[in-house]
Structure formats: C-alpha cells, structure tokens
Amino acid sequence: MVQEKILHGADYNPDQWLDRPDILKKDIELMKEAGINTATIGMFSWDKLEPEEGDFQFEWLDSIMDTLYENDIKVILATPSAARPAWMSKKYPEVLRTNERGEKMRHGGRHNHCFSSPIYRKKVTIINKKIAERYKEHPALLMWHISNEYGGECHCQYCQENFRSWLKKEYSTLENLNASWWTTFWAHTYTSWDQIESPSSIGENEVHGMNLDWRRFVTDQTIDFYEHEIKDIRKLTPNIPITTNFMADTMDLIPFQGLDYYKFAKHVDVVSWDCYPAWHNDWETTADLASKVGFIDDLYRSLKQQPFLLMESTPSMVNWHPVNKAKRPGMHMLSSMQHIAHGSDSNLYFQWRKSRGSSEKFHGAVVDHDNNNQNRVFQDVRKVGESLEKINKVTGSSKKSRVGIIYDWDSNWAINDSQGFSQETKQYPQTLQNHYRFFWNNDIPVDIISPKADLSQYDLIVAPMLYLIDESSLDKFSTYVANGGNLVMSYISGVVNEHDLTYMNGWPQQLQEIFGINSVETDVYYPKDRNRILIDGKSFEVKDYAELFDVKSAHVIGTYDEDFYAGQAAITENNFGKGKGYFIGARTNQEFLDYFYSYICKEVQICNDFVIKGNDNVSVQSRKLSNKEVFFIMNFSESNQKILVSSETVDLLSEKHVNVEINMLPYEVKVLEKRE
C-alpha cells in the first residue's frame with residue numbers, strides 16, 4: 001500500500017445521525033481540528049443502504065463521501081456484512097448461525113450469520129458489488145475494509161456438509177481419516193462420511209484430531225467467505241488495497257484464538273488489527289502490559305513482513321472490560337506512538353462520535369456526548385494528530401530483526417485441547433510473551449513468526465512449548481541449526497504431529513540430534529510446588545513444569561536442585577552442525593529468562609547498538625528509513641526514568657536537541673533522529 005502519511009482517523013457512523021444535519025456539519029469541523037485525515041465508514045450500515053429487500057439507498061453515503069473528500073479526508077470504505085438487517089433474518093432464517101448444540105440463533109448482535117449460507121452469500125454479493133460499482137472511482141476511496149472482526153462458527157447442515165467436504169479433500173479416504181484421528185479409541189471409528197459431525201458438547205468432542213481439524217476448517221471457511229466478499233471488489237477496483245481487521249483476546253492481550261491469522265494474512269493486502277489494552281489495571285505494571293502490546297504488534301507486522309495498520313483503538317476507555325478505566329494524562333500519546341514504533345502506519349479509533357444508545361454508548365470516542373472540543377480526550381487526540389504530522393517520514397519504513405519467536409495457532413489449539421499437564425497453567429501464548437519480554441526490555445527487535453517462515457534470515461529462533469511439530473518443521477529446524485542457526489526450545493515441545501498424534505518411540509529423532517538430549521518425562525507441579533535450577537552458582541525458581549531428559553552429547557548448563565531428579569540436567573547447550581540448540585527444561589520466573597537470554601545474546605552477539613544503558617520501563621524501538629533510523633523512546637512507567645544512548649539526537653516531536661543521557665518523564669515519548 002502506497003501511503004504518503006500516517007493515517008489518523010476513526011470509524012465514522014454518520015448513518016446514526018442522518019436526522020441531525022447540524023451534527024454532521026459539526027463532525028467535519030471537529031475532524032479538521034483534531035487532525036483527522038481518514039474515516040472508516042459503512043461498516044454497520046446495511047439497514048440504511050438496503051432498508052428493505054432490493055430497495056437500495058446510497059444518496060446519504062454519496063453525500064458523506066463527497067463531503068469528506070472536499071475536506072481532504074480519505075475514506076476506508078467498509079462492506080456491511082458484519083451485521084445484516086432484520087428483514088433478512090426474518091425472511092431468510094437460514095442466514096442465522098446454529099450453535100454447537102444445534103440451536104438456531106435469533107436475529108441480533110454481530111457476526112450472527114452463517115458463512116456457508118447460499119442466500120447470505122448471494123445477498124452479500126449483491127450489496128458489495130453495488131457499493132464497489134458506485135464508488136470505484138470516487139477520489140476519496142483509499143482502501144476497502146471487508147466486514148468487521150471476522151470470528152465465530154456455525155454448525156448448521158450447510159456447515160456440516162462443508163466440513164465433510166473439507167475432510168474429504170484433506171484425507172481422501174475414511175481409512176486415512178480414522179488413522180489420523182485415532183478413532184479406534186472408544187470405538188469411534190467412522191464407516192461413512194455422513195456420520196461425521198462438528199465437535200459438540202452434546203456429541204463428539206474428545207477426538208483431538210477432529211477438534212483440531214474443525215478449527216482449521218473454521219479458519220478456511222472464514223477465509224473462503226472473505227474471498228467471496230472481495231471477488232467483485234477486486235475485479236472492479238484492482239488497485240485499491242483490501243483489508244479486514246484482526247483482533248487480540250483483550251484481557252490477557254494474547255493473539256486471537258479463533259482463527260489462524262498466518263493463513264488469513266495471505267489473503268489481505270495490508271494487515272490491520274484492533275487493540276484495546278486495559279491500561280492502568282491493578283494486576284500488572286504498565287511496562288508489563290506494554291510488552292504484551294509490543295508482542296501483538298510484532299506478530300501482526302511479521303505476518304506479511306511489512307507495515308500494518310492499527311484499525312481500532314480508544315482515545316479514552318472501552319465499555320466492555322470488567323472495569324472501564326480512563327486513560328491517564330499522557331497515556332493516549334504514549335500508547336498511540338507505541339504502535340507506530342512497532343510498525344503501524346496508522347492510528348485509528350473506534351469510534352469518532354459516541355452513540356446515544358445501545359451497548360456501546362459509553363465506549364470511548366473522539367467526540368463525547370457533550371459535543372465539546374475542549375475536553376481532555378479531544379485535546380489528547382488533537383495532540384496525537386499534530387505529532388503524527390511531524391513523523392510522517394516513517395510511513396512505509398521497515399523493521400529488521402535478527403530474532404524470531406515462533407507462535408503457532410495449530411500448536412496452541414492442540415495443547416489447549418490436550419487432557420494432560422495442568423489445565424490452568426498451559427498458557428502457551430503467555431509463555432511466549434514472557435520470553436519476548438527479555439528482548440523488549442533490552443530493546444532488541446523481534447519478529448513473531450510461523451514455523452513455516454524462512455528461518456534462515458534469523459540468527460536466533462526461540463520456540464518455547466511448541467507442542468505440535470510436523471515432520472517438515474522438524475526437518476526445517478535441523479537444517480536451520482546445521483547451517484549455523486541458534487535454536488531455543490523448552491519443555492512440552494515436539495509431543496505430537498500435525499494430526500495431534502504422539503510421536504512413537506519417544507521424542508523425535510531430529511530434536512534429539514539438535515539438542516543432544518532425549519526428553520523422557522514431564523513433571524507437572526501443583527500451584528504451590530516449587531523447585532530450583534542451579535547455574536553458575538546462582539539459583540532460580542522452577543514452577544508448573546519440569547522436564548526430565550537423558551543427556552547424550554549436550555553440555556549441561558544448569559541442574560535441578562530438589563526432588564527425585566536433583567542433580568539432573570535442567571538447561572543444556574548442544575553443538576549441531578555449525579549452530580547450537582539450547583533446551584530449557586522447566587518453567588521459571590523472568591529472572592532466569594533474563595539471565596539465560598543475556599548469555600545467549602552475548603554468544604550470538606545480538607544487542608541494540610544505539611542503547612548503551614537501557615531501562616526495563618523504557619522501550620526503545622526503531623524504524624529504518626532508506627538512509628537513516630528513527631528511534632522511539634517510550635517511558636511505560638509512572639515515574640521519571642533515564643537511559644544512555646550512543647549518540648546525540650534531535651526529537652522530531654519537540655524539535656529540540658537531545659543529549660546521550662535521556663531523562664524521561666512519566667508516560668513520555670520522544671521520537672529521535674541522529675544528528676547529521
């Protein structure tokens with residue numbers, strides 16, 4: 001996507017205010033004052049675009065598009081499929097979803113539609129094509145936004161048939177399917193394709209291979225619906241980029257669990273996502289939460305190895321957290337700049353103006369119910385708009401990482417479904433975020449990548465708790481390390497293959513060779529259980545999991561201190577070809593991960609050359625332009641902090657000279673360029 005400046009804007013819902021021309025006029029005035037250059041419109045407008053079947057009314061949208069263009073505001077034009085009109089649900093009930101208990105949903109909410117329904121697909125085709133035909137040459141059109149936050153699943157008969165067709169394509173024969181799903185257990189062998197039904201709490205839900213394939217099918221079915229949505233749009237506007245907004249599971253701030261975004265990202269021109277952290281909560285520090293935001297940003301930037309868009313955020317609060325706390329002064333600027341620092345080319349909000357009624361009437365927005373441009377939130381947004389104008393040069397710039405952390409949706413689904421270990425402490429995404437935290441603390445750029453990514457571009461690959469590893473990935477890991485790469489893996493890795501079947505004859509041979517060990521047992525701890533790892537005269541706490549293994553060729557770095565395996569290997573290092581494999585046998589606290597990765601990074605010579613003395617509360621991220629680098633210095637704490645850097649700079653925001661010793665106020669952000 002060719003973009004001249006950072007997008008600053010919001011979801012705009014003028015269809016809620018068509019009876020208030022004074023409000024619509026005021027909106028434009030306030031947008032210009034707030035530095036808004038982009039508006040996303042049409043997302044939930046189907047009832048206004050087609051109030052009755054076949055009665056299309058675009059005049060109001062024509063006026064909005066024209067007015068925005070006349071005021072130098074570009075449009076991200078959305079398709080309305082995320083919420084269909086009531087007349088459709090009444091006349092064509094098949095468009096509504098069926099839950100896993102076989103109950104047909106009633107009209108209401110969002111995403112309550114079946115992706116398989118022929119009628120729904122037909123209606124979506126009609127409305128999308130009409131929108132594309134009408135606005136394909138409109139000068140305000142910047143981008144297409146397809147639907148909104150795809151998610152959920154349907155278990156109707158259409159979807160059951162599509163699932164069976166998907167399985168036939170995947171396995172060809174029932175013999176292959178039964179073998180891959182291990183259906184001889186509990187006499188669950190299938191003898192006819194029509195016997196197969198989707199997982200259900202009132203039916204089959206303990207065939208793990210089937211559960212995993214259902215989740216894969218849901219991803220593929222959602223992508224198929226998305227491709228159906230964009231077919232005419234792509235044909236009519238081949239040069240207009242297309243996206244749909246990805247999500248994160250908000251309270252834990254981990255990747256969205258419902259869809260495999262590695263697959264989905266291949267089908268969008270630009271990755272975009274919606275971010276709503278619970279800033280100022282009472283269970284973690286601001287830096288803890290900021291690190292999690294950074295992890296998700298880096299994941300979505302890495303999906304296509306290009307800048308992403310922040311499609312939704314709030315300038316103040318949301319209305320669906322358990323506690324909906326307002327952003328403190330300075331946090332809106334800081335949190336907005338963090339996304340830009342990690343590779344976003346936009347800072348967009350949901351929504352522009354607060355709704356008067358319904359479920360999101362108290363969700364934060366740029367314009368509050370008071371319609372006032374002097375309140376704190378509006379002024380915060382205006383300041384962000386002014387600041388983004390000063391750093392437009394970073395638009396389209398890249399980030400280069402020598403470290404890749406592997407996150408895998410298949411592995412996550414499979415380990416969550418496993419009926420072993422501890423149901424409360426698996427925490428696969430959270431474990432990756434803990435490992436990521438060392439690199440975030442030390443200002444080392446990271447890509448969050450798929451096992452299928454090109455590993456050769458990284459000096460260090462970190463793959464903790466990679467429960468599911470298929471044969472091709474085992475071969476990739478072997479090749480990567482043999483050719484000089486450094487691979488870190490941990491407990492509960494390489495347990496099952498792509499069908500969620502355990503590996504026979506013990507741990508996979510490729511892993512035994514890479515790490516010079518053979519994993520033989522995993523000890524699972526109760527919440528109060530603890531052990532220690534001894535390493536270099538230091539002692540680190542062990543909790544939740546401790547893996548036992550036979551040492552073959554590996555060098556033992558650390559040993560267990562207690563229990564029946566006291567003195568046995570806990571942390572190992574092994575030479576394999578030109579590279580090394582490092583194995584972490586137990587779950588530890590951050591203290592050990594900091595110690596361990598400090599050692600690894602010294603060995604591999606990975607560091608941030610710009611930062612001489614960092615600070616765990618101050619994040620330093622950079623974006624590389626063609627001939628220079630721009631550094632974002634961000635204080636994620638409630639107190640003054642200090643860092644030391646290698647050269648003097650100029651702050652693009654304040655246009656002031658900055659010395660090598662940088663003092664940061666609470667929540668302060670600086671955007672620095674080295675002096676010429």
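For the numbers below, each heavy atom of this structure counts, side chains included, while hydrogens, waters and symmetry mates do not. Keep in mind the model is a prediction, meaning the values are calculated, not measured.
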Please check: side-chain N/O of [X] versus main-chain N/O of [Y], any donor-acceptor pairing under 3.5 Å?
X: Tyr467; Y: Ser411; value: no
X: Lys476; Y: Ala453; value: yes
X: Thr285; Y: Asp288; value: yes
X: Arg402; Y: Ile444; value: no
X: Asn37; Y: Ile73; value: no

Could you tell me whether the side chain of [Y] reaches within less than 4.5 Å of the side chain of [X], counting heavy atoms only?
X: Ile233; Y: Thr79; answer: yes
X: Gln433; Y: Tyr407; answer: no
X: Pro241; Y: Trp144; answer: no
X: Trp409; Y: Trp413; answer: yes
X: Phe378; Y: Glu33; answer: yes
X: Val403; Y: Tyr436; answer: no
X: His363; Y: Trp320; answer: yes
X: Phe264; Y: Leu303; answer: no

Ile643 vs Met664, side chain to side chain contact (heavy atoms under 4.5 Å, CB included): CA-CA, chis, key distance, verdict: CA-CA 8 Å; Ile643 66 169; Met664 302 289 292; 5.5 Å; no
Are Glu284 and Lys292 within salt-bridge range, i.e. N to O under 4.0 Å?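 Counted as a salt bridge, because a side-chain N and a carboxylate O are separated by less than 4.0 Å.
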Is the closest basic N to carboxylate O distance between Lys354 and Glu360 below 4.0 Å?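 Here Lys354 does not pair with Glu360 in a salt bridge, since their nearest N and O are not under 4.0 Å apart.
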Scan for salt bridge (Lys or Arg N to Asp or Glu O under 4.0 Å) pairs involving residues 299-309, sequence neighbours excluded, and state none if there are none.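 As it turns out, the salt bridge (Lys or Arg N to Asp or Glu O under 4.0 Å) pairs with a partner in residues 299-309, which skip direct neighbours, are Asp298-Arg301, Arg301-Asp447.
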Residue pair [X] / [Y], side-chain donor-acceptor N/O under 3.5 Å:
X: Glu603; Y: Tyr582; value: no
X: Asn245; Y: Asn148; value: yes
X: Gln621; Y: Lys399; value: yes
X: His435; Y: Tyr597; value: yes
X: His657; Y: Glu648; value: yes
X: Ser639; Y: Gln641; value: yes
X: Gln590; Y: Asp594; value: yes
X: Arg587; Y: Thr431; value: yes
X: Ser473; Y: Lys452; value: no
X: Asp11; Y: Trp352; value: no
X: Gln257; Y: Asn412; value: yes
X: Tyr276; Y: His321; value: no
X: Thr395; Y: Glu4; value: no

Per the side chain to side chain donor-acceptor pair (under 3.5 Å) rule, which among Lys400, Lys674, Lys624 passes with Glu629?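 So, applying the side chain to side chain donor-acceptor pair (under 3.5 Å) to Glu629 and each of Lys400, Lys674, Lys624, only Lys624 qualifies.
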Does [X] have its ring centroid less than 6.0 Å away from the ring centroid of [Y]?
X: Tyr349; Y: His8; answer: yes
X: Phe246; Y: Phe256; answer: no
X: His267; Y: Tyr261; answer: no

Distance-minimising heavy-atom pair for Ile340 and Ser346: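 Of all heavy-atom pairs spanning Ile340 and Ser346, the closest is CD1-O, 3.6 Å.
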Passes side chain to side chain contact (heavy atoms under 4.5 Å, CB included), Arg382 versus Leu30? Steps please. CA-CA 10 Å; Arg382 183 184 61 77; Leu30 294 176; over 6 Å; no
Set out, in order, the CA-CA distance, both residues' side-chain angles and the distance that settles side chain to side chain donor-acceptor pair (under 3.5 Å) for His332 and Lys327, then state yes or no. CA-CA 7 Å; His332 180 54; Lys327 285 181 175 178; 3.2 Å; yes
Evaluate side chain to side chain contact (heavy atoms under 4.5 Å, CB included) for Tyr300 paired with Ser344, printing each intermediate quantity in order. CA-CA 9 Å; Tyr300 292 159; Ser344 177; over 6 Å; no
